[in-house]
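Below is one structure; the comments refer to it alone.
Below, each value reflects all heavy atoms present in this structure, side chains not excepted, and no hydrogens, waters or symmetry copies. Here, residue 1 is the first one in the sequence, and each next residue gets the next number.
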Amino acid sequence: MVRSLETAEHEGACVKIFVTGATGTVGRHVVDSLLDQKVEVRALTRRPETAGLPSGVDVVAGDLEKPDALAEHFEGIDRLYLVVAGETQKVVDLAKQAGVQRIVLLSSASAAFEGDPTGGFHRAAELVVENSGVGWAHVRPGMFAGNLSDWAEAIRTEAVVRAPYDAARQAPVHEADVAEVAAAALVAADEGKIYTVTGPESLTKSEQVRALSEGVGREIQFEELTPDQWRAHVRDQMPEFVIDWLLGLWAKTVDNPEQVLPTVQEVLGRPARTLVQWAADHRDEFR
């Protein structure tokens with residue numbers, strides 16, 4: 001059974017949690033959520049002097065790409081929030097040696113997709129954690145609403161979004177919801193859980209644009225391109241393999257829309273934030 005946030009708060013009151021990627025899109029919200037639950041937090045960042053984390057957080061310098069230097073930071077840590085970066089096996093080994101009792105891994109919903117290149121990368125990290133002998137949970141977000149920031153420049157300059165596969169339905173999730181589920185998983189008693197997190201609506205691209213328009217407070221148009229037109233449109237902006245991966249994903253979700261899951265409601269006791277809310281929270285990016 002998934003624990004409520006109130007139960008998690010009570011259980012997490014006496015633990016110290018190490019948050020990697022603490023200034024990242026999700027990690028920053030993980031820190032805030034844990035502090036709200038009165039949990040003691042140590043935060044890892046490459047540049048503590050510019051981290052801007054709240055007072056009371058034990059901010060330490062380090063890099064997951066250089067795990068040997070992290071050993072001292074695991075001292076006194078009960079639980080670890082881990083992003084997939086660097087040498088996962090080495091980091092997990094160091095955490096276990098230091099006595100860490102649970103690892104919550106920020107993974108991806110694609111980890112469940114056979115043959116998916118990004119999913120394979122995340123699933124490999126999950127297996128490292130699962131085979132460590134330490135208690136674990138995985139948080140698997142679907143499409144991040146933040147991916148729509150790729151449209152920001154076009155919206156600012158032209159108020160037009162051009163993209164292929166309008167009929168491809170995905171359920172954009174607010175990064176704060178992902179973080180709050182991760183924070184609840186960090187302090188809950190349940191082990192071996194996989195939390196797949198989505199937004200509350202499965203939306204076509206034109207519906208996503210309408211939600212952005214409402215949240216940002218300006219009229220934004222949508223223009224559908226063919227896959228070949230879009231490829232030419234973005235070729236200078238991203239690697240070819242990323243273009244191929246995205247086109248394949250969108251083609252798949254035309255007939256197999258991204259499913260809306262109740263994880264946020266079950267874990268946090270409230271509905272997931274809508275894409276309109278995300279756009280309102282990020283409106284300055286689009287103006």
Side-chain angles (χ1 to χ4, degrees), residues 24-26 28-29 32-33 106 108-110 118 139-182 195-227 229-230 233-234 237-238 242-243 245-287:
T25 301
V26 177
R28 184 63 174 77
H29 290 287
D32 288 340
S33 184
L106 179 65
S108 167
S110 64
T118 63
V139 178
R140 292 178 172 177
M143 173 194 169
F144 275 103
N147 292 355
L148 301 184
S149 292
D150 290 345
W151 294 343
E153 183 177 357
I155 290 172
R156 287 194 302 267
T157 58
E158 302 178 80
V160 176
V161 169
R162 298 178 178 89
Y165 293 115
D166 179 26
R169 288 185 174 272
Q170 293 178 277
V173 61
H174 197 303
E175 63 273 4
D177 284 342
V178 177
E180 289 176 26
V181 169
Y195 302 87
T196 303
V197 190
T198 73
E201 302 172 283
S202 193
L203 305 171
T204 66
K205 284 194 170 57
S206 55
E207 289 170 344
Q208 293 169 27
V209 170
R210 284 198 291 275
L212 292 182
S213 184
E214 181 180 347
V216 171
R218 64 177 300 192
E219 189 66 29
I220 305 168
Q221 301 298 319
F222 176 77
E223 179 182 325
E224 186 170 13
L225 302 180
T226 68
Q229 286 173 329
W230 183 76
H233 185 60
V234 299
Q237 302 170 33
M238 62 183 73
V242 175
I243 294 173
W245 179 76
L246 287 171
L247 288 173
L249 174 65
W250 293 331
K252 180 180 178 180
T253 53
V254 169
D255 295 322
N256 300 279
E258 188 171 283
Q259 186 180 4
V260 172
L261 299 176
T263 308
V264 172
Q265 179 71 55
E266 291 176 348
V267 174
L268 303 178
R270 60 160 178 80
R273 294 171 171 91
T274 65
L275 184 55
V276 172
Q277 179 63 61
W278 180 87
D281 291 342
H282 294 265
R283 60 169 55 94
D284 289 345
E285 296 180 32
F286 299 94
R287 288 180 168 177

Heavy-atom closest pair, residues Val260 and Glu201: CG2-C, 3.7 Å
Close side-chain approach of Thr253 and Tyr165, heavy atoms under 4.5 Å: no
Value rounded to 0.5 Å, distance of CZ in Arg156 from CZ in Arg287: 13.0 Å
Under 3.5 Å donor-acceptor, Gln229 side chain and Thr226 backbone: yes
Heavy-atom side-chain proximity of Phe144 to Val26 below 4.5 angstrom: yes
Phe286 backbone acceptor or donor facing Arg218 side chain under 3.5 Å: yes
Sidechain N-carboxylate O distance under 4.0 Å for Glu207, Arg169: yes
Side chain to side chain, Glu158 and Glu223, heavy atoms closer than 4.5 Å: no
Residue pair Ala109 / Gly142: nearest heavy atoms and the distance that separates them: CB-CA, 3.9 Å
N/O donor-acceptor pair under 3.5 Å between Gln170 side chain and Glu258 backbone: no
Residue pair Pro141 / Val178: nearest heavy atoms and the distance that separates them: CB-CG2, 3.8 Å
Considering all heavy atoms, the nearest Phe222-Ala163 contact: CZ-O, 3.7 Å
Side-chain (Thr263) to main-chain (Thr196) donor-acceptor, under 3.5 angstrom: yes
Side chain proximity check, Val161 to Gln208, heavy atoms < 4.5 angstrom: no
Cation-pi geometry met for Lys205 and Trp250 (6.0 Å, 45°): yes
Ile220 to Val160 - nearest heavy-atom pair and separation: CG2-N, 4.4 Å
Side chains of Leu275 and Glu214 in contact at under 4.5 Å (non-hydrogen atoms): no
Atom pair CG (Asp150) and CE (Met238), whose distance is rounded to the nearest 0.5 Å: 6.0 Å
His29 backbone acceptor or donor facing Ser33 side chain under 3.5 Å: no
His282 and His174 aromatic ring geometry - parallel, tilted or perpendicular at 30°/60° bounds: tilted
Main-chain N/O of Asp166 paired to Glu224 side chain as donor or acceptor, under 3.5 Å: yes
Verdict with supporting geometry, Trp151 and Val209, side-chain contact (heavy atoms from CB on, under 4.5 Å): CA-CA 9 Å; Trp151 294 343; Val209 170; 3.7 Å; yes
Side-chain (Asp177) to main-chain (Arg273) donor-acceptor, under 3.5 angstrom: yes
pair Pro200-Pro271: side-chain heavy atoms closer than 4.5 Å: no
Nearest non-hydrogen partners of Gln259 and Thr198, listed with the distance: O-CG2, 3.4 Å
Glu285 side chain to Ser149 side chain, donor-acceptor N/O pair below 3.5 angstrom: yes
Side chain proximity check, Asn147 to Pro172, heavy atoms < 4.5 angstrom: no
Trp278 vs Val173 side-chain heavy atoms within contact, under 4.5 Å: no
